[in-house]
4 protein chains.
Amino acid sequence: MNTPLIEQPIKTKTDKRQAILDTALALFVSQGFHGTSTASIAKQAGVATGTLFHHFPSKEALMECLFLTIKQEFANALLLNAHQGSKLKHNVKQLWQSALDWSLENPIKQLFFQQYSMSPMIAKNVRDQAMNSILGFISELIKQGQMMGLIAHYPVELMLENCHGQYLAATRFFIDNPHLGHNSQYRNASFELFWKAMQAD
Amino acid sequence: MNTPLIEQPIKTKTDKRQAILDTALALFVSQGFHGTSTASIAKQAGVATGTLFHHFPSKEALMECLFLTIKQEFANALLLNAHQGSKLKHNVKQLWQSALDWSLENPIKQLFFQQYSMSPMIAKNVRDQAMNSILGFISELIKQGQMMGLIAHYPVELMLENCHGQYLAATRFFIDNPHLGHNSQYRNASFELFWKAMQAD
Amino acid sequence: MNTPLIEQPIKTKTDKRQAILDTALALFVSQGFHGTSTASIAKQAGVATGTLFHHFPSKEALMECLFLTIKQEFANALLLNAHQGSKLKHNVKQLWQSALDWSLENPIKQLFFQQYSMSPMIAKNVRDQAMNSILGFISELIKQGQMMGLIAHYPVELMLENCHGQYLAATRFFIDNPHLGHNSQYRNASFELFWKAMQAD
Amino acid sequence: MNTPLIEQPIKTKTDKRQAILDTALALFVSQGFHGTSTASIAKQAGVATGTLFHHFPSKEALMECLFLTIKQEFANALLLNAHQGSKLKHNVKQLWQSALDWSLENPIKQLFFQQYSMSPMIAKNVRDQAMNSILGFISELIKQGQMMGLIAHYPVELMLENCHGQYLAATRFFIDNPHLGHNSQYRNASFELFWKAMQAD
DNA sequence: CATGAATGAGCATTCATTCAT
DNA sequence: TATGAATGAATGCTCATTCAT
């Protein structure tokens with residue numbers, strides 16, 4: 001980036017759209033969806049109110065886009081680090097760590113999930129779609145583990161919901177206690193709790 | 001107004017207050033807090049708009065009252081059935097079953113928790129207070145179990161959060177799949193997942 | 001109504017509703033429906049913006065109410081002065097004069113009709129309903145005249161539309177030229193044009 | 001951009017201007033002036049939003065241009081078929097038929113007149129100008145007929161307004177009842193009503 | 001000439017809350 | 001206590017118009 005003679009804040013078109021998304025994320029998390037006016041998003045993003053509606057047909061659509069974008073980001077982070085080693089437990093632990101890492105590196109986005117993953121703010125079909133695309137992958141892992149005799153034989157849907165619940169609980173804990181986020185005792189404990197629930201006896 | 005010859009259904013003061021609470025519960029769950037206007041609560045409860053504000057100083061206060069009332073109801077249901085038998089696992093299972101039962105018998109109230117237990121709608125201190133009053137009791141159980149060597153020695157706060165997460169996951173599952181609510185295979189599975197996570201090796 | 005010690009401008013509930021209707025009439029005529037904001041109606045009527053929506057569910061509903069109210073007023077004025085004499089032409093002339101008089105006494109309301117009677121602003125069914133309730137009465141007169149051999153035998157619907165068209169033209173003329181409104185030469189001419197079209201040869 | 005080998009449908013400048021006018025006509029009639037956004041006109045005309053403003057300085061100017069263009073078209077159609085025969089009634093009938101024909105062949109444009117000829121949408125001077133240029137011609141016909149003793153001696157301005165009113169009524173009727181548009185009984189009736197009003201006794 | 005992203009004033013409507021009765 | 005008409009600030013969204021490319 002070379003220093004221009006005169007500092008000019010130039011925003012490309014993509015920048016504006018992204019600025020709106022970034023600002024919306026921050027405000028939705030800190031003030032809630034209804035507590036955040038479209039005017040305040042636009043203002044803080046440095047664009048006109050009309051611009052928001054040029055890029056997103058409605059406030060709800062903006063929220064939906066935000067949700068799907070972040071979910072995808074999370075899914076990418078998980079898959080990127082997923083090793084297909086021969087030891088299932090090791091693979092699962094890797095996954096768990098990646099998920100924890102992502103949430104610690106993106107605390108705002110994680111808070112966004114905590115608040116909106118189950119809220120009626122986001123249309124049920126969008127929620128389910130996003131969820132299934134990730135949990136579908138976990139679902140396969142569980143079935144595979146059961147066939148190998150490494151994972152307990154409980155109904156898969158129940159186990160999936162349980163995985164999700166334990167993951168949300170763990171991130172909630174680490175975000176409320178950020179100084180423990182890299183404490184291996186706590187991180188291992190969180191995984192062990194999870195794994196003990198899942199493993200075959 | 002003279003005394004009518006024919007008895008007319010008269011709502012006592014307490015009735016009106018309760019009608020407002022009941023209606024608010026139903027509407028907050030189905031339409032969300034912000035999606036529910038005080039006018040609609042009053043109308044559906046069969047009272048005037050002003051009446052709501054005679055009983056509750058504000059919409060937020062009404063929500064807070066609702067939240068605390070239901071939490072207390074839940075706590076009462078748990079404690080009522082809590083046996084202090086000698087076998088810890090049995091006691092815990094009893095507790096788990098009571099909690100599941102309550103959520104199945106009060107699905108609307110459970111949905112209310114799912115939606116609002118972690119939402120910024122309810123002031124953090126109120127949320128924490130309600131939570132600790134119940135989890136305080138669970139916390140004691142865990143410590144006791146650890147001392148007896150029956151429960152794994154992970155940090156208690158982490159375990160507490162995990163308990164809560166697993167409970168929310170289980171009720172979410174059973175409310176989404178009501179026909180499995182009394183299927184003992186699923187109910188036992190949900191407890192086993194939980195207990196395996198908690199138990200000492 | 002006794003004189004209060006201190007003159008207080010008190011508006012009863014009905015007053016406010018009526019003030020809104022009156023103001024809306026004046027503004028819709030002078031600035032058009034879309035050119036008139038609900039805020040300006042409320043302000044000029046001396047009420048809060050919310051009050052307008054307390055009495056009318058929407059701006060369109062306000063317009064519809066205005067339209068039907070004025071149409072009814074017009075119909076009442078016509079019927080009030082309708083004599084059932086034995087001479088048809090005399091009766092019809094009486095009617096024509098009453099209609100002209102009403103429009104001259106209520107120029108704003110007449111302008112309202114000129115602007116909105118055929119505009120898509122008012123739902124077609126509302127327009128037709130209002131129209132038929134008055135034209136139904138005219139329709140009977142025409143049929144009766146035809147049976148008596150006093151009115152030409154053209155299709156009734158066509159004659160009705162023609163009556164309406166001539167009436168609008170006449171009032172347009174007199175409102176554009178107010179000084180001729182009571183000039184009997186012009187008034188008689190307007191009636192003669194009309195009657196000659198209608199009469200049997 | 002190099003010359004393409006294959007001919008591609010290219011819109012010439014005039015095409016785009018005309019496309020905008022055509023689209024505006026259709027939309028103004030079906031949705032009203034205020035109900036039609038310039039963006040929607042541009043989109044449906046297949047041009048960019050900015051293009052509309054290259055051809056017309058404002059939405060109002062577009063409307064004015066549309067109005068004058070169509071009025072001229074109508075005037076041309078009338079004059080084209082106007083025979084200057086020796087029998088006045090025959091000439092007038094010819095004119096009436098031409099006018100009816102034009103309105104039946106151009107129903108959208110006729111609806112445009114019905115909606116906007118008297119609306120405050122179009123500046124009064126533009127309206128009057130367009131009107132007089134045509135009615136000036138009619139005005140001459142009336143005076144001529146009066147001098148020949150064929151047309152009744154009422155004030156000319158009143159008769160002009162009456163002509164216009166009857167014409168609007170007739171086209172309204174035929175557009176609402178398209179199947180009668182070529183029924184000679186109805187067409188003749190519409191003329192006879194008109195002519196009887198005008199003719200000298 | 002043509003484009004379409006950007007603008008920001010303006011609008012209809014909502015809603016928690018008040019208060020005279 | 002109970003009522004419900006009245007309030008007016010706040011909000012999501014629209015749209016004619018501009019301008020850099």
Side-chain angles (χ1 to χ4, degrees), chain A residues 10-17 20 34-43 46-62, chain B residues 1 11-14 16-17 34-43 46-62, chain C residues 10-17 20 34-43 46-62, chain D residues 11-17 34-43 46-62:
Chain A
I10 295 175
K11 268 184 180 160
T12 72
K13 32 204 104 172
T14 333
D15 271 346
K16 298 216 172 190
R17 200 188 128 97
I20 292 168
H34 287 286
T36 304
S37 68
T38 52
S40 72
I41 297 172
K43 190 172 189 179
V47 303
T49 64
T51 306
L52 189 154
F53 290 94
H54 183 70
H55 290 287
F56 307 94
S58 70
K59 195 185 180 186
E60 272 77 21
L62 165 59
Chain B
M1 224 169 283
K11 269 188 180 156
T12 71
K13 28 211 117 168
T14 338
K16 298 213 172 189
R17 200 188 127 96
H34 285 287
T36 304
S37 68
T38 53
S40 72
I41 296 172
K43 189 173 188 179
V47 304
T49 63
T51 307
L52 190 153
F53 289 90
H54 269 286
H55 292 287
F56 307 95
S58 71
K59 195 186 180 186
E60 271 75 21
L62 165 59
Chain C
I10 295 174
K11 269 188 179 156
T12 71
K13 33 203 103 171
T14 333
D15 273 345
K16 298 217 173 189
R17 200 189 127 98
I20 292 168
H34 287 288
T36 304
S37 69
T38 53
S40 73
I41 297 173
K43 190 173 191 178
V47 303
T49 65
T51 306
L52 191 154
F53 290 92
H54 184 69
H55 290 287
F56 306 95
S58 71
K59 196 186 179 186
E60 273 76 21
L62 167 59
Chain D
K11 269 189 180 153
T12 71
K13 26 211 120 166
T14 338
D15 270 347
K16 297 214 172 188
R17 200 188 128 95
H34 286 287
T36 304
S37 68
T38 53
S40 71
I41 297 173
K43 189 173 189 179
V47 304
T49 64
T51 306
L52 191 154
F53 289 90
H54 268 286
H55 292 287
F56 307 94
S58 72
K59 194 186 180 187
E60 272 75 21
L62 166 60

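Residue numbering restarts at 1 for every chain, and letters A, B, ... go by the order of the sequence lines. Heavy-atom basis, side chains included; hydrogens, waters and symmetry copies ignored.
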Might you point out which heavy atoms bring [X] and [Y] nearest each other, and give the distance in Å?
X: C:Val47; Y: C:Lys16; answer: CG1-CD, 3.8 Å
X: A:Ser40; Y: A:Ser37; answer: OG-O, 2.8 Å
X: C:Leu52; Y: C:Ala42; answer: CD1-N, 4.4 Å
X: C:Lys59; Y: C:Phe53; answer: N-CE2, 4.3 Å

Expressed in angstrom and rounded to an integer, what is the separation of [X] atom [atom1] from [N] atom [atom2]?
X: B:Leu62; N: E:dC15; atom1: CG; atom2: P; result: 16 Å
X: A:Leu52; N: E:dG8; atom1: CG; atom2: P; result: 14 Å
X: C:Asp15; N: F:dA6; atom1: CG; atom2: C1'; result: 14 Å
X: A:His55; N: E:dG4; atom1: NE2; atom2: P; result: 14 Å

(message) For a 4.5 angstrom cut-off between non-hydrogen side-chain atoms, does A:Ile41 reach A:Ile20?
(response) yes

(request) State, yes or no, whether a side-chain contact exists between A:Thr38 and A:Leu62 at a heavy-atom distance under 4.5 Å. (result) no

(message) Looking only at the side chain of D:Ala48 (C-beta and beyond, no hydrogens), which of the listed nucleotides E:dA6, E:dG4, F:dA2 gets closest?
(response) E:dG4

(request) Ignoring backbone atoms, test whether C:Lys16 places a side-chain nitrogen or oxygen under 4.0 Å from the OP1 or OP2 oxygen of F:dG4. (result) no

(request) Please check the phosphate of F:dT11 (OP1 and OP2 only) for any side-chain N or O of A:Lys43 closer than 4.0 Å. (result) no

(request) Fill in the dot-bracket string of DNA chain E, one character per base: . for unpaired, | for a pair to another strand, ( ) or [ ] for pairs within the strand, taking Watson-Crick or G-U pairs under 3.5 Å. (result) .||||||||||||||||||||

(request) Any chance you could list the contact pattern along nucleotides 12-21 of chain F? Use B for base contacts, S for sugar-phosphate-only contacts and - for none, protein heavy atoms under 4.0 Å, 5' to 3'. (result) BBB-BBB---

(message) Just verifying a value: how many Å separate A:His54 NE2 and A:Phe56 CZ, rounded to the nearest 0.5 Å?
(response) 11.0 Å

